[in-house]
2 protein chains.
Amino acid sequence: MTRLREQVLSLIWQSHRPLGAYDILDSLNADGRKAAPPTVYRTLDFLQRMGLVHRIASLNAFVGCTQPSHHHSGCFLICETCHNVLELPSSSIRNAIEGEARKQGFAPRETVVEVTGLCPACKDDGPTNE
Amino acid sequence: MTRLREQVLSLIWQSHRPLGAYDILDSLNADGRKAAPPTVYRTLDFLQRMGLVHRIASLNAFVGCTQPSHHHSGCFLICETCHNVLELPSSSIRNAIEGEARKQGFAPRETVVEVTGLCPACKDDGPTNE
DNA sequence: CCCTCGAACGTTATACTATAACCCATGTCC
DNA sequence: GGACATGGGTTATAGTATAACGTTCGAGGG
């Protein structure tokens, strides 16, 4: 765990919503570091391999993992209004999906589950928040 | 359904594996049409709205829908070796996921389920195919 | 001690994906 | 025939990601 990696992980954790790679890049540079895209992507790759960060494919963005202990990727609820992301543990869903895949003779390696919609707060606020 | 839309849909159907927007663009232009990216993206948007085409978020690519009758998005098994994609109907999985989301007070609008791994053929071929 | 090697990161350039904004042609409906 | 909606061409640019190579530094072996 180097200074750079700590710095990126901390940025991601502080945000509580998905950050784009270039958001991270800008923060790093605002912070005095002279970084270019490969630096950020390499760091994100590392953090993903460590299970500390997830990539949200629907958004091309990155969030902190809420349960770094389990390495499995989660199931994400993505609010279209406030852009917060909630990670569900819900390995049962994952198991169901991968079981279904195996029934087809498919060998699953990684599973992405991303639900887009409205989070409780934004749903109740009605259209005022949009 | 215009000529352009038929042409794009036909390209996607003929390929049986995800096509990038720029692959489609190149095919169109090889075919005599003078197209630019917005033309392709607009057409893809239309075909998605019609439920004829799905976007694979993990790949930034597009596949034909195998069941255009049901509008819901499917569950995709993506082979890392041969790049074929199998769409599972499996609305039960979708229901389970969205039920789980609603339990959290979340109002789901769209759900992405993408499983990456090895398809039956590539799994059995072993590493020879890689 | 010096050498090698690998990991981490910097640097430059470029590839790939997607959209904004504006234009014009055509068809429909009153 | 004028108003308006739709489809699609055109130009430019924004946003996301990687290739390829260089530099530094520390660990371990001879």
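In the text below, chain A, chain B and the rest are named by the order of the sequence lines, each starting its count at 1.
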Does a nitrogen or oxygen in the side chain of [X] sit under 4.0 Å from OP1 or OP2 of [N]?
{"X": "A:Thr39", "N": "C:dA8", "value": "no"}
{"X": "B:Asn60", "N": "C:dC16", "value": "no"}
{"X": "B:Tyr41", "N": "C:dT19", "value": "no"}
{"X": "A:Arg5", "N": "C:dA8", "value": "yes"}
{"X": "B:Arg3", "N": "D:dG8", "value": "no"}
{"X": "A:Thr43", "N": "C:dA8", "value": "no"}
{"X": "B:Arg42", "N": "C:dA20", "value": "no"}

For the pair A:Ser90 (side chain) and A:Ser92 (backbone), establish whether a donor and an acceptor sit closer than 3.5 Å, ignoring hydrogens and angles.
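No.
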
Check: A:Cys75 main-chain N/O paired with A:Glu114 side-chain donor or acceptor under 3.5 Å:
no

Which sits closer to the 5' end of DNA chain C, A:Phe46 or A:Ala36, going by the nucleotide each is nearest to?
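So the residue in question is A:Phe46.
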
Between B:Pro38 and B:Leu59, which residue's closest nucleotide on DNA chain C lies nearer the 5′ terminus?
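Checking each residue's closest nucleotide, the 5'-ward one belongs to B:Leu59.
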
Decide yes or no, distance alone: a donor-acceptor N/O pair under 3.5 angstrom between the base of D:dA17 and the side-chain of A:Tyr22.
yes

Whole-Å distance between [N] [atom2] and [X] [atom1]?
{"X": "B:Ile56", "N": "C:dT17", "atom1": "CD1", "atom2": "P", "answer": "14 Å"}
{"X": "B:Asp45", "N": "D:dT6", "atom1": "CG", "atom2": "P", "answer": "15 Å"}
{"X": "B:Glu6", "N": "D:dG8", "atom1": "CD", "atom2": "C1'", "answer": "15 Å"}
{"X": "A:Leu25", "N": "C:dT12", "atom1": "CG", "atom2": "P", "answer": "14 Å"}
{"X": "A:Leu19", "N": "D:dG15", "atom1": "CG", "atom2": "P", "answer": "15 Å"}
{"X": "A:Ile24", "N": "D:dG15", "atom1": "CD1", "atom2": "P", "answer": "16 Å"}
{"X": "A:Lys34", "N": "D:dG22", "atom1": "NZ", "atom2": "C1'", "answer": "14 Å"}
{"X": "A:Asn29", "N": "C:dG10", "atom1": "CG", "atom2": "C1'", "answer": "12 Å"}

Are A:Phe76 and A:His54 close enough that their ring centers fall under 6.0 Å?
yes

Same cluster or not: B:Leu86 versus B:Trp13, using hydrophobic residues (I, L, V, M, F, W, Y) connected whenever any side-chain heavy atoms lie under 4.5 Å apart?
no

Assess, by modelled atom type and distance only, whether the side chains of B:Glu6 and B:Thr2 contain a donor and an acceptor separated by less than 3.5 Å.
no

